[in-house]
Amino acid sequence: MRKKISLIGAGQIGGTLAHLIALKGLADIVLFDVAEGIAKGKALDIAQSSPVSGFNMNIIGTNSYEDTKNSDVIIITAGVPRKPGMTRDDLLGINLKIIKQVADGIRNTSPNAFVICITNPLDVIVMALQKYSGFPKNKVVGMAGILDSSRFIYFLSQELNVPVQKIKSFVLGGHGDSMVAMLNSTTVNGKNIHELVKEGKIKKKTLDEIVNRTKNGGAEIVKYLEKGSAFYAPAASGVEMAESYIKDQKKQLPCAAYLNGEYDTKGLYAGVPVIIGASGVEKVIQMDLSDEEKVNFQKSIRSVQDLLEAAKKIDNSLN
Ligand code: TXD
């Protein structure tokens, strides 16, 4: 039985998600947007590429949640992106309102869906989505860590002239300036990055610059684009999560997941390595963090908690 993925938000990321999912033949696609024309136009355009690209997925555009009924996966990008000079947190007020509308739309139409949230500020918006929708915590997850880790790995591969496939790393914590590159578990051709610093293959200063460039990865692209933010890498990251669920691949992926005591954190979503399989978030992986990583991770958690407090002031139903 062919799976069904509904994309709530047919903007830059939503349209790219639809195209990538179609090219992979992953599922039938419903592109949903309040701007119905955008959803319908992009769906028709992608569908018209099917003879060229050789896929036969059904893809429609709509502004009716009825059409998204019984989705296996829902990927949410509904919201407004940053403009130059804005932080992800500046989007909180407007995107909280939007995510509440989305939660109302999907609650009764796709109660068994695996929901991947992409809308910023990610860590709090995914938390609000889970509360507003009432979906099980293991079926609501945020996409950020895969993108941040992918940016970090790309920058390292460019610096070290090593294929990206040969670099393993995780960027965890909140999806903001306090995100944490886990250097202790970063390897290049199987060798820990700290060894490469000792061998003089990469300067510590250069490594720190790469960590900072990763933290500012989104803002760097917003500056270039002026209107809108990154969408190719975010979409590719969201598709990896959807595929791991649909194909029960049980991949270990850095995602914003609900913590119930792991990493000394309870009752909060934050970026951690999880296993994604047919039951959704099947396990939170407890990594051995260095003392410095523990301090930085807890700092990142505090910034998520601070933003959650700001969200609760906007909508006390989040208390
Ligand atoms: O790593 C990450 N999680 C981030 C997330 C990476 C990049 C971008 N990040 C955020 O994703 C960004 O800050 C935004 O909050 C979302 C979506 O970014 P995108 O670039 O796709 O924004 P667009 O192109 O403006 O698309 C948003 C669409 C647009 O077509 C609106 O009409 C639609 O959302 N929209 C709605 N759809 C459904 N329901 C409602 N209420 C709604 N309001 C707006």
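Bear in mind that the values here come from a model prediction, so they are computed numbers and not experimental data. Counting starts at 1 for both ligands and their atoms, following the listed order.
Note: no N/O pair closer than 3.5 Å links I98 and ligand 1 by distance alone.
Scanning the protein heavy atoms around atom 16 (C) of ligand 1, the nearest turns out to be T77 O, 3.5 Å. The single protein non-hydrogen atom nearest to atom 29 (C) of ligand 1 is D33 OD2, 3.5 Å, given as residue, atom name and distance. A78 CB, 3.4 Å is the protein heavy atom nearest to atom 37 (N) of ligand 1.
If you check each of G79, G11, G217 against atom 34 (O) of ligand 1, the one with the closest non-hydrogen atom is G79. Summarising the contacts of atom 36 (C) of ligand 1 with T119, V34, I13, N63, the nearest heavy atom is found in V34. When the heavy atoms of G15, A35, P234, A235 are ranked by distance to atom 6 (C) of ligand 1, first place goes to P234. Remark: among candidates A144, G142, P81, C117, the nearest residue to atom 25 (O) of ligand 1 is P81, based on non-hydrogen atoms. Here atom 4 (C) of ligand 1 lies nearest to N120 when heavy atoms of V80, N120, D104 are compared.
Relative orientation of the Y263 and F297 rings is tilted, given thresholds of 30° and 60° on the angle between their planes.
Contact atoms of ligand 1 toward A230: 7 (C), 8 (C) (distance under 4.0 Å to a heavy atom of the residue). Interface atoms of ligand 1 facing F32, defined by a heavy-atom separation under 4.0 Å, are 38 (C). Atom numbering of ligand 1 starts at 1 in the shown order; those under 4.0 Å from a heavy atom of I118 are 2 (C), 3 (N), 4 (C), 5 (C), 9 (N), 10 (C), 11 (O). Within ligand 1, counting atoms from 1 as listed, the ones closer than 4.0 Å to a heavy atom of H175 are 1 (O), 2 (C), 4 (C).
Applying the ring pair (Phe, Tyr, Trp, His ring centres under 6.0 Å) rule to F152 yields no partners; only residues at least two apart in sequence or on another chain are considered. Annotation: ring pair (Phe, Tyr, Trp, His ring centres under 6.0 Å) contacts of F170 (sequence neighbours excluded): none.
Under 4.0 angstrom from ligand 1, the non-hydrogen atoms of Q101 all belong to its side chain.
At a cut-off of 3.5 Å, with distance as the only test, no side-chain donor of D72 or Y245 sits close to an acceptor on the other residue.
The residues E243 and K247 are annotated as salt-bridged, a charged nitrogen and a carboxylate oxygen being separated by less than 4.0 angstrom. The pair D315-K312 does not count as a salt bridge, with every side-chain nitrogen at least 4.0 angstrom from each carboxylate oxygen. Ionic pairing of D28 and K4 is not present here: no N-O contact between side-chain nitrogen and carboxylate oxygen is shorter than 4.0 angstrom. The pair K203-E209 does not meet the salt-bridge criterion, since no charged nitrogen lies less than 4.0 angstrom from a carboxylate oxygen.
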